[in-house]
Structure formats: C-alpha cells, structure tokens
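Encoded as structure tokens, the structure appears first; notes follow it.
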Amino acid sequence: MFKKIFTGLLLLLALLILAALAAYVYYWRPALAPVNPPAATAFSSQVVEKGRILAGMGNCAACHTAKGGAEFAGGHGLATPFGTIYATNITPDPQTGIGRWSLAAFQRAMREGVGRDGAHLYPVFPYTHFNGVSEADLTALYAYCMTRAPVYAVAPANSVPFPLNLRPLQAGWKLLYFKPASVQPDAAQGLDWNRGRYLAEGLAHCAACHTPRNALGAEVAGSSYLGAAIDHWYAPALTSANTAPLPWTQDELYAFLRTGATALHGVAAGPMSAVVHEGMGASPDADIRALATYFAGVAGAAGRKVDADAVIKAGIERSQRVSLVDNDRGASLYVAACASCHSNSDGQPAALRPELSLNSAVSAPDPANLIQVILHGIGKDEAMPGVLMPGFAASLTDNDVAQLAAYLRRSRSHQPAWTNLDAAVARARATPGAGK
C-alpha cells in the first residue's frame, strides 16, 4: 500500500515537473539587445505630453515611486500574500532603470510581462491589463518615460521566499491565468462607453483592485469588479452588487472621479485618492466622462429605479432622530466626536460634510475604509478642496473605534452588522496610513 502511494506521489511530481517545463518552454522569451539611451529630443512634445496623461491614467507613479524618493525611481514595496515585491526604476537611467530598453522591450514588458533580459515579471505588475493597450499609447508612454530625468536607484531585494521567487515559475502562472487579448469595440455601445471600457480594462487597470483574487494571486474568473480588500482598504464593488443606498449614476461617477467627492456617496480616501488626484487629475474631461459612462453601465445604474429624494430624506431623518441610547458607548462617541460636522440639519447632504446614512464606507461589506478614516482622518490633499477631517487614532482606543463603527453601521445602514471589529481596528492601527 505504501509503495503504491509513494509511486503515485512520484508520478504526480514528475507530471508537475513536466508541466512546469512545458510552460517554461512555451513562455520562454529571449533577452532583447540593449540600446543607447535615446535623446529626449528624439520624441515630439505632443507624444511626450500624451504619455504624461496616460501615465497618470495608469497611476504609474503610485507604484514606481518610493515614499520620499524620486518620481518613477522605484523602491516602493507592494505587500502580497507571497512577500513584498519592490517596484522597479522606470527612469531612463542606463544602469538601474530602463535607459537601455528599446521600444520593443518596453512594449513586451507591458503586454507580456517579460523584462528586457527575458525574465518573467511578477503579475503584481498588471500586464494582464496593459496587454490591451494600443501600440500608439504604449509608444507615447515610452516617450514619456524616456524623457524623465534619469535616477540611479536600485530597488531593494524582494522578500518572496524560495521557490516562489524562481522567475520560471511565472511561466506556469501565465499558462493558468494569462489570456492575451485586446479590448475590442462593442458596436452595440456608444463611443464614450467603448472609450471608457478601453481605459478601465487597459491602462487604468481598475479590476486589479476591485476584483477578488484567488490563492495564487490571480483575479477570480467571472468576478470582475465585485470588490476586494487591498492594502488595508476595501475597493468596493463597481457592479450592481455595490451596497451604497443610492446608485452610482454617470453624474455621480463623473463627480467622484473628477473632484474626489460626491455628496451622495462620500470622498476618495486612501489609494483611491491618489488615483483621482495624482493620477487622473491630468486626464481630459472626455476620458473621465467616458469612464463614468462605462462604469454606470457596469453597475446597471440606469436600471435601478430609486427615488433619490426619498432615500436622502429618509436617511437624514433617521440620522436626526437617533438619540443617545443608555450604555451605548458608540452613540456617545458619535455625539462627542462626529455629530457637529456630520449633522445635515437643513435636509441637504453636502460633499464637504458627508451624510453618513448615504456614505459608501458605512454601507460597505468590509469596515476597513470607515476604520481607516476614523483613525487617520482625511488630509487636506486627499479629497476635494475644503474637505478635511481629523484622525482620532490618538484619542480613541481600539474598542472605542470598534463601537463607533458598529453604532454607525447599525444606525445609518440597513446592511448586516460587521463582525470582529476590534481585530479589524487593531490591524488598521498597526499599519498607520496604509495605502495613503
């Protein structure tokens, strides 16, 4: 019996090795010859400017810039379940950056996840989305990167353990999860919808944050935009599964993506703040409206028949009539710390002082966003001008924050109660400012 089991295990191991070798051979890519760094004058100013705007849409600086470091010089650590992976230097430094990369090498990295030296890149770099970016846009991105100031900067070593750190294994991952495909226009949809889809599913790689992932770090098939925990925050569902009291209409999406705030949903905080202000801030209105058009369609906003005025009125009235409850620590904390700003006594929600019964963070299935904001606040550079909220990490204990969050969930939402709030607050406090 033991011999049969042992033989079976050996056979299984042999099959796995053969499969890995087959995947590696299938995805083997040669090194591409280095080039002399092109002169900045080799690119037209129009193409460079287009690349600058596209780099913002892709939010490249967020990952490729370490805190306090030179822009695009790498070194920012990306925490994954498999260890920390450090973003590389994408300035045109010839030694530590991409100065000796040809356009072909750059395009291959973006579309296939393969470095100039032929090594497979970890899929934390979202080539699975960049695969759909057009050649013209990739050329503009290359021009923009190659005209930045070269910075000598070596990224720290990744902490991915053996054997996961073996690059050839990425070929097996690609065989399982990488399906190269361009974003094809849908003739049944308008120009704005198609443009929005191209940006969202390509360079903006929105699904990379807003889609749950499996045990091997791949986006779960059939679950696009269903929401996911990421970097100690929660990227909410962008489909009809979104639990906000009011639908994310095209106008609401545009306002949020353009200004970072909407009176009917709340403000952009954490990683999304960087996307809106540091990333898409340079994008033309036409592209922001295209994204809003596409995601309003993804969410089925037009099909949700909701009396917005009635929902707003009911939410504000509910907030106003909630009174102190004996021995309710959460209610007491709300009155002491929150009510002076979040009480919309005139019956009109405001973006500067959000009505919490409408706020997406309160109705979300994960309490991470609300906890982060209670602890660390909203900085003056995070949301739209005039939005500022102090953090309460120094004045409230973990249990205080947990009780306040539970109270808000109970009194200003029709969603089920959150569980294990004390543990969630402790995790958030242990990583102050995570994702900011």
Testing the 3.5 Å rule here: is there a donor-acceptor pair between the side chains of [X] and [Y]?
| X | Y | value |
| --- | --- | --- |
| E355 | N359 | no |
| T293 | Q250 | yes |
| N89 | T91 | yes |

Hey, do the aromatic rings of [X] and [Y] have their centres closer than 6.0 Å?
| X | Y | value |
| --- | --- | --- |
| Y225 | F295 | yes |
| Y127 | F178 | yes |
| Y198 | Y294 | no |

For this session: Start with the C-alpha gap between Y122 and F82, add the side-chain angles, then the distance that decides, and say whether ring pair (Phe, Tyr, Trp, His ring centres under 6.0 Å) holds.
Result: CA-CA 11 Å; Y122 292 115; F82 316 103; 9.2 Å; no

Rounded at 0.5 Å granularity, tell me how far [atom1] in [X] sits from [atom2] in [Y].
| X | Y | atom1 | atom2 | value |
| --- | --- | --- | --- | --- |
| E71 | C60 | CD | SG | 10.0 Å |
| L356 | C341 | CG | SG | 10.5 Å |
| K313 | E317 | NZ | CD | 5.0 Å |
| C206 | M272 | SG | CE | 7.0 Å |
| D398 | L421 | CG | CG | 11.0 Å |
| H342 | R412 | NE2 | CZ | 10.0 Å |

Problem set entry | Derivation of the side-chain contact (heavy atoms from CB on, under 4.5 Å) call for R289 and L253 | CA-CA 8 Å; R289 291 194 183 280; L253 285 161; over 6 Å; no

Problem set entry | Summary of side chain to side chain donor-acceptor pair (under 3.5 Å) pairs that have at least one residue in residues 100-116, sequence neighbours excluded |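 As it turns out, the side chain to side chain donor-acceptor pair (under 3.5 Å) pairs with a partner in residues 100-116, which skip direct neighbours, are R29-E112.
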
Problem set entry | Pairs involving residues 179-193, ordered by first then second residue, that meet side chain to side chain donor-acceptor pair (under 3.5 Å) (sequence neighbours left out) |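 Sorted pair list: S182-Q184.
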
Exercise. Does anything in residues 196-217 pair up under salt bridge (charged side-chain N to carboxylate O under 4.0 Å, His left out), and if so which pairs, sequence neighbours excluded?
Worked result: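 Applying salt bridge (charged side-chain N to carboxylate O under 4.0 Å, His left out) to every pair that reaches into residues 196-217, excluding sequence neighbours, yields R197-E201, R213-E219.
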
Show the nearest heavy-atom pair for residues [X] and [Y], with the distance to one decimal.
| X | Y | value |
| --- | --- | --- |
| A73 | V151 | CB-CG1, 3.9 Å |
| P365 | R409 | CA-NH2, 4.3 Å |
| W248 | A244 | NE1-CB, 4.1 Å |
| L78 | V124 | CD1-CG2, 3.8 Å |
| A155 | Y86 | CB-CB, 4.3 Å |
| L358 | A263 | CD1-O, 4.3 Å |

Exercise. Given R329 and D400, is the side-chain contact (heavy atoms from CB on, under 4.5 Å) satisfied, shown in steps?
Worked result: CA-CA 8 Å; R329 174 71 174 159; D400 287 340; 3.2 Å; yes

Problem set entry | Within-4.5 Å side-chain heavy-atom neighbours: R52 and L141 |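 No, too far: nothing below the 4.5 Å cut-off.
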
Exercise. Okay, side chain of N369, backbone of Y234: is any donor-acceptor separation there less than 3.5 Å?
Worked result: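 The answer is yes, because a donor-acceptor pair under 3.5 Å joins these two groups.
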
Exercise. Any donor-acceptor pair under 3.5 Å linking the side chain of T262 with the backbone of E252?
Worked result: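 The answer is no, because no donor-acceptor pair under 3.5 Å joins these two groups.
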
For this session: Determine the interplanar angle of the H129 and H205 rings, folded into 0 to 90°, and report it as parallel if under 30°, tilted if 30 to 60°, perpendicular if over 60°.
Result: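 Tilted.
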
For this session: Under the side-chain hydrogen bond (donor to acceptor under 3.5 Å, both in side chains) rule, collect the residues that match up with Y142, sequence neighbours excluded.
Result: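 Here no residue qualifies.
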
Problem set entry | salt bridge (charged side-chain N to carboxylate O under 4.0 Å, His left out) partners of R258, counting only residues at least two apart |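 Salt bridge (charged side-chain N to carboxylate O under 4.0 Å, His left out) list for R258, sorted by chain: D285.
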
For this session: Take L375 and V401 through the test side-chain contact (heavy atoms from CB on, under 4.5 Å) and record every step on the way to the result.
Result: CA-CA 8 Å; L375 285 173; V401 175; 3.9 Å; yes

For this session: Just do the side-chain hydrogen bond (donor to acceptor under 3.5 Å, both in side chains) check on D422 and N399 with the steps written out, would you?
Result: CA-CA 6 Å; D422 285 280; N399 185 252; 3.2 Å; yes

Side-chain donor-acceptor contacts of residues 61-69 below 3.5 Å, not counting sequence neighbours, with atom names and distances?
{"from": "H64", "atom 1": "ND1", "to": "T88", "atom 2": "O", "distance (Å)": "2.9"}
{"from": "T65", "atom 1": "OG1", "to": "A61", "atom 2": "O", "distance (Å)": "3.0"}
{"from": "T65", "atom 1": "OG1", "to": "F72", "atom 2": "N", "distance (Å)": "3.0"}

For this session: May I ask you to check whether over 12 heavy atoms, not counting those of L191, lie within 6.0 Å of atom CG?
Result: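 Not more than 12 within 6.0 Å, no.
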
For this session: Test side-chain contact (heavy atoms from CB on, under 4.5 Å) on Y334 and L404 and set out the steps.
Result: CA-CA 7 Å; Y334 172 79; L404 176 57; 3.9 Å; yes

